[in-house]
Amino acid sequence: MCGITGWVSFDRDLTAEAGALHAMTETMACRGPDDRGTWAEGPAALGHRRLAIIDLPGGRQPMSVRTPEGAVALVYSGETYNFTELRRELTGRGHRFTTDSDTEVVLHGYLEWGDAVAERLNGMYAFAVWDARHDRLVMIRDRMGIKPFYYHPTADGVLFGSEPKAILANPLARPRVGPDGLRELFTMIKTPGHAVWDGMREVEPGTVVTVGRAGPTTRAYWRLRTRPHTDDRDTTVATVRTLLDDIVRRQLVADVPRCTLLSGGLDSSAMTALAARQLAERGEKVRSFAVDFVGQTDNFVADELRGTPDTPFVHDVAELARTDHQDIVLDAQALADPAVRERVIRARDLPAGFGDMDTSLLLLFRAIRDQSTVALSGESADEVFGGYLQFFDDDARRADTFPWLVRFGRHFGDDTDVLRPDLAKSLDLEGYVADGYRTAVAGIQRLEGESDFEYRMRQICHLHLTRFVRVLLDRKDRMSMAVGLEVRVPFCDHRLVEYVYNTPWSLKSFDGREKSLLREATADVLPRSVYERVKSPYPSTQDPRYARALQDQARELLARPSHRVFDLVDRERVRAAAERETPVSTQVGRRGLERTLDLAQWLDLYTPELVLS
């Protein structure tokens, strides 16, 4: 897994900049608690923090090879699941290996194929190669954007890192956020390449960024493309199952303790059951973990989003799959703790505004990390197979905007509600979203003969797989790596994504329900209760003590009238929410308080320069 960073400056010798490189590298100590390493030569300097997963003694980084034309050095984050096959092929081509790590395979793959190595990798990865033979830096990110990767062009080169904090640790980068950065913060549309911080960019998923003396150039090596689907229903279901079996088998490979994240929903239950079956063949038992809240199961109140509590379904799966299961039960005090919120914001570098769904995820991962180093997650199955309510909502289907915004506005309110009215007007968030939507749908290919309805559903699937999923993948990565836990996402395997994306909507929902293909492909390993369960989102506490704690913290903030957060948020709206006699016990209605407290803490921690117009 790990964290990577580096600096290329074509006009100076960076061997004299050890202090700056060290500072950049140490910002990611949580991502790599097991080891650290740096490498510098001439205009290039690379830093690495390691979370050891495969070949514990042999996978140290940065990793380099000396060639007659110059050094080739690599820093790598992630996992390559087909590294065994690639190593076999490279050995046949004359390469010799001194470790059993996938990192060395990627390095030799680059030596053999250059940046085309990306097209041969199956996995989640973000890596950078300094190639002195050609005086260039090559940065490559996985197809789905599972691993984060940022860069910041400079006057004579580039800074890069797994997270913005690594780049911001260099004196050449300013912690500055302009109007477009604020627009990105308050719209949840995940514009490709946008990093919020001024001057900073994301390496886009499926992209190679090459930096030479003339500056950066980009090349897309993978994009989600439209292709005809000719398999019938039975063949499609069987193909999905074959792919899932292979994906889970590959992603169970690790030299450290591993587990699964189990929510009792279809996605995590199917993944856990398949992992349990495969490990049982080797005489092993899978560990599973679930999050719960004090009193939630006994006092659960159904709403439009969540019709049932998770725990009974979790236990049904654990019993059938015979997992070694543990519920991680959290209380309202822990969820509202400002120190936990600070950990969340430091992990994400931004005030994401997910409230207790972020703090609970961090606390869950922290508890898991005491017992396991690798976890398999059901993340992204909803995007791949069509599981969200907006896929079935006529208003969301017809809306000339990102469909999740229709559902979110209905259930959580508008994020802009918290902003000062004059700022909201000047930012023109509605126009920003509209422009982003037009750009997002412009390049979606239509299949010849595809009906209007099928093409609209293709658009909705494409938007979720190229925009919405990246919000959740980033959240998953930051929360897990903040505690040194590697979370793998089997449903993001690009082979599965490509195959299911091109199945028509009539096949994705052949039984009139969400995720029909996944349900049928894994029916033999699921409890009947889970097979029949309706989609339920990631859990959120209903404990009114959590909402009261938010109100108390908001009142403390209001007592500091000069705080910079009131340059952004409407003080009177915050006051009204803080003084409400009956605090809301669900996420609906409390999002404004969570947003405000996140923003305030972010401003305190990062002291960014804000350019509001």
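Predicted model, so just to flag it, every value in this text is computed and none were measured.
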Using a strict 4.0 Å threshold on nitrogen-to-oxygen distance, state whether Arg595 and Asp598 make a salt bridge.
no
Between Arg348 and Glu163, does at least one N-O distance fall below 4.0 Å, as a salt bridge requires?
no
Residue of the set Leu550, Asp543, Thr359 for which side-chain contact (heavy atoms from CB on, under 4.5 Å) holds with Leu335:
Thr359
Run the salt-bridge test on Asp356 and Arg590 with the 4.0 Å N-O cut-off and return the result as yes or no.
yes
If you measure from the Lys or Arg side-chain nitrogens to the Asp or Glu carboxylate oxygens, is any gap between Asp35 and Arg60 under 4.0 Å?
yes
Evaluation steps, side-chain contact (heavy atoms from CB on, under 4.5 Å), between Ile189 and Leu405:
CA-CA 9 Å; Ile189 64 174; Leu405 297 183; 4.2 Å; yes
Residue among Val253, Val374, Asp102, Asn122 satisfying side-chain contact (heavy atoms from CB on, under 4.5 Å) with Glu79
Asp102
With a 4.0 Å cut-off on N to O distance, would you call Glu204 and Arg470 a salt bridge?
no
Supply the atom-to-atom distance Ser372 OG to Leu485 CG, rounded to the nearest 0.5 angstrom.
7.5 Å
Run the salt-bridge test on Asp349 and Lys165 with the 4.0 Å N-O cut-off and return the result as yes or no.
yes
Can we say Arg31 and Asp477 salt-bridge, meaning some charged N sits less than 4.0 Å from an Asp/Glu carboxylate O?
yes
Validate the cation-pi geometry between Arg475 and Tyr538: distance from NZ or CZ to the six-membered ring centre under 6.0 Å, angle to the ring axis within 45°.
yes
